[in-house]
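Order of listing sets the numbers, starting from 1, for every ligand and every atom in it.
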Amino acid sequence: MYNNIEVKEESSLATITINRPSKLNALNKDTIKELHDAFKAMDKDKNIKAIILTGSGEKAFVAGADISEFANFSVKEGGKLAAKGQKLLFDFVEGLSTPVIAAVNGFALGGGLELAMSCHFRVASDNARMGLPEVSLGVIPGYGGTQRLPQLVGKGIAMEMIMTAGMIDANRAHETGLVNHVVSQEELLDFCKKLGSKISNNSSVAISHAIKAVNAGFKHDSNGYAAEIKAFGECFGTADFEEGTTAFLEKRKADFPGK
Ligand code: COA
């Protein structure tokens with residue numbers, strides 16, 4: 001069904017693997033479209049409570065947007081490339097109701113780091129290297145990198161990373177808050193699956209409301225506190241809330257009906 005990615009489902013978790021190792025999993029047009037379709041399908045699947053995104057091979061998560069596809073683009077085509085990619089993949093993943101964990105297993109550069117930053121949080125293997133090298137190519141990050149990097153690491157560090165086009169290692173990424181954990185490459189997927197299964201014990205309906213409220217605080221056209229009040233109120237009308245509170249009062253583990 002997919003040519004550039006693989007999707008595996010194990011109980012309540014889905015793992016999406018970008019599978020173009022000979023191009024270090026660079027994001028071409030087809031891969032972006034397939035990722036959109038896979039995320040959409042997993043989000044709709046009532047059994048899937050968390051999604052892990054990773055790259056195939058031991059070298060790269062994603063080494064960037066596929067440079068060979070846009071090297072000859074005009075001003076208009078460049079603008080369209082960024083707008084379409086942001087809508088189809090990067091904003092789409094950020095706004096997904098189902099939690100997405102990036103398992104950064106190697107190079108995450110340019111569009112690769114931007115994709116990892118669109119995920120709800122990140123875990124890196126100790127060989128991972130991250131950066132936004134776009135200005136070394138005469139362009140700037142166009143898939144949300146100028147916005148999401150300062151949100152995660154602060155404006156000064158983001159400016160330095162963007163201006164130098166340099167790479168940081170996994171430990172520095174951890175120190176700056178870009179990734180939440182660093183583990184060995186062998187442990188990476190199991191570690192993310194453990195986090196995913198911890199997440200899957202909780203109310204997926206409540207989690208989807210929390211994602212919306214957190215994201216609202218980072219958008220200039222919305223008020224995060226107002227979004228939180230709205231999402232909080234909406235939780236009271238859900239079967240998950242009824243089950244969660246009843247289970248607590250009955251001193252048993254909640255069994256959430258789910259999405
Ligand atoms: N777009 C298209 N192809 C890419 C790519 C990208 N972003 N990143 C890597 N590749 C391809 C290479 O062209 C090469 O293909 P080939 O074997 O057909 O020539 C293959 O992946 C392996 O990459 P290579 O450069 O040989 O590996 P390396 O170990 O020497 O270097 C990197 C690894 C990540 C440092 C290097 O590939 C790189 O700098 N990539 C581009 C990173 C970048 O600027 N990304 C931002 C894009 S906006």
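In terms of hydrophobic clustering, with Ile, Leu, Val, Met, Phe, Trp and Tyr side chains grouped at heavy-atom distances under 4.5 Å, Ile199 and Leu96 are assigned to different clusters.
Among all protein heavy atoms, the one lying closest to atom 5 (C) of ligand 1 is Ala26 CB, 4.0 Å. Given atom 23 (O) of ligand 1, the protein heavy atom at minimum distance is Leu24 CD1, 3.6 Å. The protein heavy atom nearest to atom 20 (C) of ligand 1 is Ser22 O, 3.2 Å. The closest protein non-hydrogen atom to atom 1 (N) of ligand 1 is Ile67 N, 3.0 Å. Of all protein heavy atoms, the one closest to atom 39 (O) of ligand 1 is Leu109 CD1, 4.8 Å. Lys23 NZ, 2.5 Å is the protein heavy atom nearest to atom 18 (O) of ligand 1. The protein heavy atom nearest to atom 46 (C) of ligand 1 is Pro133 CG, 3.7 Å.
Residue Ala63 touches ligand 1 through backbone and side chain together, judged by heavy-atom distances below 4.0 Å. By the criterion of a heavy-atom distance under 4.0 Å, the side chain of Leu137, and not its backbone, is placed next to ligand 1.
Not a single protein heavy atom sits closer than 4.0 Å to atom 31 (O) of ligand 1. Shown here, atom 37 (O) of ligand 1 is in close reach of the protein: a heavy atom of it lies under 4.0 Å off. Contact annotation for atom 27 (O) of ligand 1: protein present (non-hydrogen atoms, distance under 4.0 Å). Within a 4.0 Å radius of atom 34 (C) of ligand 1, the protein has at least one heavy atom. Within the 4.0 Å cut-off (strictly below), no protein heavy atom is located near atom 13 (O) of ligand 1.
Salt bridge status for Arg20 with Asp66: present, with a side-chain N to carboxylate O gap under 4.0 Å. Taking 4.0 Å as the cut-off between side-chain N and carboxylate O, Asp91 and Arg148 count as a salt-bridged pair.
For His209 and Phe232, the ring centers are positioned 6.0 Å apart or more.
When only modelled atom types and interatomic distance are considered, Glu77 and Ser74 share a side-chain donor-acceptor pair under 3.5 Å. Side-chain atoms of Asp126 and Ser184 include no donor-acceptor pair closer than 3.5 Å. A donor-acceptor pair shorter than 3.5 Å cannot be found between the side chains of Asn19 and Thr17.
Near Lys59, with a cut-off below 4.0 Å to any heavy atom, the atoms of ligand 1 are 27 (O), 28 (P), 29 (O). For ligand 1 and Asp66, the ligand atoms under 4.0 Å from any heavy atom of the residue are 1 (N), 2 (C).
Taking any N or O of Met167, backbone or side chain, none lies under 3.5 Å from an N or O belonging to ligand 1.
The shortest heavy-atom contact between Pro257 and Asp240 is CD-OD1, 2.9 Å.
Exactly one residue among Lys23, Lys33, Glu34 makes a side-chain hydrogen bond (donor to acceptor under 3.5 Å, both in side chains) with Asn4. That residue is Glu34.
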